Protein chains: 2
Amino acid sequence: MENPSEKTPARWESLPSWLLTQTANHAHRLVAEGFSSVGARGYHYRLLATLEQFGPASQAALGRRSGIHVSDMVATINELADRKLVERAPDPSDRRRNIISLTPAGKRQLRRLEKQLAECQDELLAPLSPEERQRLTELLSRLLDHHNRRTGTPEEPWR
Amino acid sequence: MENPSEKTPARWESLPSWLLTQTANHAHRLVAEGFSSVGARGYHYRLLATLEQFGPASQAALGRRSGIHVSDMVATINELADRKLVERAPDPSDRRRNIISLTPAGKRQLRRLEKQLAECQDELLAPLSPEERQRLTELLSRLLDHHNRRTGTPEEPWR
DNA sequence: ACCAAACGTTGGTCGTCCGAACATTTGGGC
DNA sequence: GCCCAAATGTTCGGACGACCAACGTTTGGT
């Protein structure tokens with residue numbers, strides 16, 4: 001959206017789907033800028049955060065928990081492993097698996113990303129009062145829940 | 001997000017930026033499905049709607065009005081012109097320009113897309129009451145306005 | 001022992017957004 | 001009238017998130 005100008009509002013501009021995707025664009029841009037200032041992108045944060053929250057795990061399990069597709073997981077882990085933010089070790093008890101774990105440097109990076117993320121939330125919601133922010137997140141949560149339910153959420157098999 | 005499972009909620013899942021981008025993903029998916037069932041995608045609708053609303057115009061002007069990048073405009077028009085939904089004619093008064101106009105078939109396609117779009121809005125907002133839908137769109141509009149203002153909106157030069 | 005299932009990996013697709021570069025044409029200032 | 005800055009259309013390419021198909025290896029249950 002390089003140049004939305006020519007003032008006259010287009011007639012789709014009041015559609016909820018438009019409002020959502022466009023504000024999401026702004027949100028994504030803000031977050032991406034914050035992350036890239038530390039040399040990262042969304043998948044990096046999600047993976048690091050998942051690792052810290054649930055501990056070391058196989059790539060497949062990490063994919064399920066973080067919502068990152070297995071095939072993207074490979075590239076993401078490669079990128080993080082190159083920067084020594086994450087470690088990939090073979091699972092001795094199952095030779096199909098790699099066990100991914102967070103390094104101290106990875107933890108530090110995660111702290112940086114979280115700081116960026118927090119700042120972005122504020123910039124994103126700047127024009128809203130605390131009560132309005134609350135109502136917005138509540139409404140969005142309901143929407144997200146609803147659609148996540150209908151878009152299959154298989155369940156963790158075991159372990 | 002093929003498989004968000006493993007129930008335990010990740011800690012970023014309550015962040016406004018996450019809620020926004022994810023619900024926007026669902027919205028986008030719904031709309032894209034609706035559009036693709038008629039063989040179109042977002043840019044097609046935006047271009048057709050812009051043409052109907054503002055009348056025939058040059059590609060650059062259409063880009064400004066629809067928020068589609070000039071370089072994407074080329075491909076979009078190509079695709080629509082191939083299907084005879086749009087016509088590309090040289091501007092006799094300015095040989096740099098093409099004048100793009102909507103064909104009757106294009107108008108019919110636009111009607112189809114609008115129908116799809118309307119259905120999507122309802123599916124998207126299904127879990128919300130009319131009042132809640134109202135409040136959501138109001139909050140999102142405020143956010144979008146705010147960020148659009150800060151992200152340059154140059155103005156239409158003339159004509 | 002067999003087979004279905006899980007795992008990691010490779011190599012794509014798609015849509016939206018965006019930038020750089022280029023040739024052509026134009027209009028305004030001088 | 002001339003010149004230059006600006007607008008126009010076009011091509012190419014990249015980032016990012018989301019996704020899919022296929023393959024070889026390894027596994028666990030039967």
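All figures in this text were calculated on a predicted structure; none of them were measured in a lab. Sequence lines set the chain letters: A, B, ... in the order given, protein chains first and strands last, and positions in each chain run from 1.
OP1 and OP2 of dA7(D) both lie 4.0 Å or more from every side-chain N or O belonging to Q59(B). One finds a side-chain N or O of R41(B) lying less than 4.0 angstrom from the OP1 or OP2 phosphate oxygen of dT16(C). Dashed line: the shortest gap from a side-chain N or O of R64(B) to OP1 or OP2 of dA7(D) is not under 4.0 Å. Residue Q22(B) places no side-chain N or O under 4.0 Å from the OP1 or OP2 atom of dG17(D). For dA18(D), the OP1/OP2 oxygens have a side-chain nitrogen or oxygen of N25(B) closer than 4.0 Å. The phosphate of dG15(C) (OP1 or OP2) has no side-chain N or O of H28(B) nearer than 4.0 angstrom. Between R88(A) and dC7(C) there is no side-chain N or O to OP1 or OP2 distance below 4.0 Å. The phosphate of dT25(D) has neither OP1 nor OP2 within less than 4.0 Å of any side-chain N or O from R95(A).
A donor-acceptor contact shorter than 3.5 Å links the side chain of R46(B) to the backbone of G67(B).
Taking atom CD on E33(B) and atom C1' on dG15(C), their separation rounds to 14 Å, with Å as the unit. We find that CE of M73(B) is positioned 17 Å from C1' of dG19(C), with the value rounded to whole Å.
Checking dG8(C), dT26(C), dC17(C) against the side-chain heavy atoms of A60(A) singles out dG8(C) as nearest. Set against dG8(C), dG17(D), dT10(D), the side chain of S58(A) has dG8(C) as its closest nucleotide. When each of dG9(D), dA18(D), dT9(C) is scored by its nearest atom to the side-chain atoms of R97(B), the top-ranked nucleotide is dG9(D). Taking only side-chain atoms of R46(A), from C-beta outward, the nucleotide of dT10(C), dC17(C), dA18(D) with the closest atom is dA18(D). Here the side chain of D94(A) is nearest to one of dG8(C), dG19(C), dT27(D), namely dT27(D). Distances were taken from every side-chain heavy atom of V74(B) (C-beta onward) to each of dT10(C), dT10(D), dG19(C); the shortest belongs to dT10(D). Picking from dC17(C), dT10(D), dA18(D) the nucleotide with the shortest atom distance to the side chain of Y43(A) gives dA18(D).
Open room surrounds CD on E87(B); 12 or fewer heavy atoms of other groups in view lie less than 6.0 Å from it.
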Can you tabulate the close N/O pairs, meaning under 3.5 Å, that link protein atoms to atoms of nucleotides 2-6 of chain D?
none

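Annotation: side chain of I100(B) is in contact with side chain of L62(B) (closest heavy-atom distance under 4.5 Å).
L19(A) and L15(A) fall within a single hydrophobic cluster, where Ile, Leu, Val, Met, Phe, Trp and Tyr are joined by side-chain heavy atoms under 4.5 Å apart, directly or via other members.
A search for side-chain hydrogen bond (donor to acceptor under 3.5 Å, both in side chains) contacts involving Q134(A) returns nothing, not counting sequence neighbours. Listed by chain and residue number, nothing satisfies the side-chain hydrogen bond (donor to acceptor under 3.5 Å, both in side chains) test with E119(A) (two or more places apart in sequence, or in another chain).
Of the residues near DNA chain D, P92(A) and D72(A), the one whose nearest nucleotide (by heavy atom distance) lies more toward the 5' end is D72(A).
A donor-acceptor contact under 3.5 Å links the side chain of S71(B) to the base of dG19(C). Side-chain to base pairing of H69(B) with dG19(C): one donor and one acceptor N or O lie within less than 3.5 Å of each other.
For the 3.5 Å distance criterion, the side chains of Q59(A) and R88(A) qualify, holding a donor opposite an acceptor. Defined by atom type and a distance below 3.5 Å, a donor-acceptor pair is present between the side-chain atoms of N148(A) and H26(B).
The residue N98(A) sits close only to the backbone: its heavy atoms come under 4.0 Å of sugar-phosphate atoms, none of a base. Across all strands shown, T21(B) has no heavy atoms under 4.0 Å from either base or sugar-phosphate atoms.
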